[in-house]
Amino acid sequence: MGEYRNLLHAFSTGLMSASDFEAGYSRLADEDSATRPEEISRILGSVSADIAALSSDALSNKERVDERGLRARVTQALRVLDAMRHGGV
């Protein structure tokens, strides 16, 4: 989980571009074979869907997200994951 958290943090704080985040997240997801609790899997899946919404031409304008929107969603996902880690959720 640490690599995901580090990646989410780097993107949410602006240390990483959306394209670098997308590539890094994709690499992590492809290499990840860990079994995770359902809530964590749901959050990570949501981030994957948000990344897909960044550049998908197949989505309507309402479903698309720009880099700023993706950053906001990733920041929220990171907050939830951190709260779970510290027993706040």
Side-chain angles (χ1 to χ4, degrees):
M1 235 3 259
E3 285 186 75
Y4 280 107
R5 193 203 170 283
N6 291 342
L7 191 66
L8 294 170
H9 183 266
F11 180 65
S12 70
T13 58
L15 298 174
M16 177 179 282
S17 70
S19 61
D20 288 344
F21 175 68
E22 181 178 8
Y25 196 90
S26 178
R27 180 191 56 79
L28 271 179
D30 289 346
E31 295 173 356
D32 187 8
S33 63
T35 302
R36 304 196 188 288
E38 185 177 331
E39 182 65 13
I40 292 174
S41 293
R42 185 192 63 75
I43 292 166
L44 295 177
S46 177
V47 170
S48 292
D50 290 339
I51 291 170
L54 180 67
S55 59
S56 178
D57 292 333
L59 298 175
S60 71
N61 284 335
K62 287 183 178 181
E63 296 169 320
R64 283 192 201 140
V65 63
D66 62 7
E67 185 168 341
R68 189 169 72 175
L70 178 60
R71 199 173 307 278
R73 291 178 183 191
V74 167
T75 299
Q76 181 58 33
L78 182 59
R79 285 181 184 143
V80 172
L81 289 172
D82 283 347
M84 291 172 70
R85 186 171 77 178
H86 297 294
V89 172

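These numbers come from a predicted model, not from an experiment.
For Glu38, the CD atom is loosely surrounded, since the number of other residues' heavy atoms within 6.0 Å does not exceed 12. Residue-environment remark: CD (Glu3) stays at or below the threshold of 12 foreign heavy atoms within 6.0 Å.
Summarising the geometry, atom CG belonging to Leu7 is positioned 8.0 Å from atom CZ belonging to Arg27; distances are rounded to the nearest 0.5 Å. Once rounded to the nearest 0.5 Å, the distance linking CG of Asp50 with CD of Glu22 reads 12.0 Å. To the nearest 0.5 Å, the span separating CZ on Arg79 from CG on Leu8 amounts to 12.5 Å.
Judged by distance alone, with hydrogens and angles left aside, the side-chain atoms of Thr75 form a donor-acceptor pair with the main-chain N or O of Arg71 at under 3.5 Å. Within the 3.5 Å criterion, the main-chain N or O of Leu78 finds no donor-acceptor partner in the side chain of Arg5. Without hydrogens or angle criteria, Tyr25 side chain to Leu44 main chain gives a donor-acceptor distance under 3.5 Å. Panel note: side chain Ser12, backbone His9; a donor-acceptor pair is recorded below 3.5 Å.
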Under the side-chain contact (heavy atoms from CB on, under 4.5 Å) rule, what do Tyr4 and Val47 come out as? Steps first, then yes or no, please. CA-CA 11 Å; Tyr4 280 107; Val47 170; over 6 Å; no
For Phe21 and Val74, what are the C-alpha separation, side-chain angles and deciding distance, and is it a side-chain contact (heavy atoms from CB on, under 4.5 Å)? CA-CA 10 Å; Phe21 175 68; Val74 167; 3.8 Å; yes
Going through the distances and angles, do Phe11 and Glu67 end up as a side-chain contact (heavy atoms from CB on, under 4.5 Å)? CA-CA 10 Å; Phe11 180 65; Glu67 185 168 341; 4.2 Å; yes
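Every residue meeting the side-chain contact (heavy atoms from CB on, under 4.5 Å) condition with Ser17, not counting sequence neighbours, appears here in chain and number order: Ser19, Asp20.
Nearest approach of Leu70 to Val65, heavy atoms of both residues: N-CG2, 3.3 Å.
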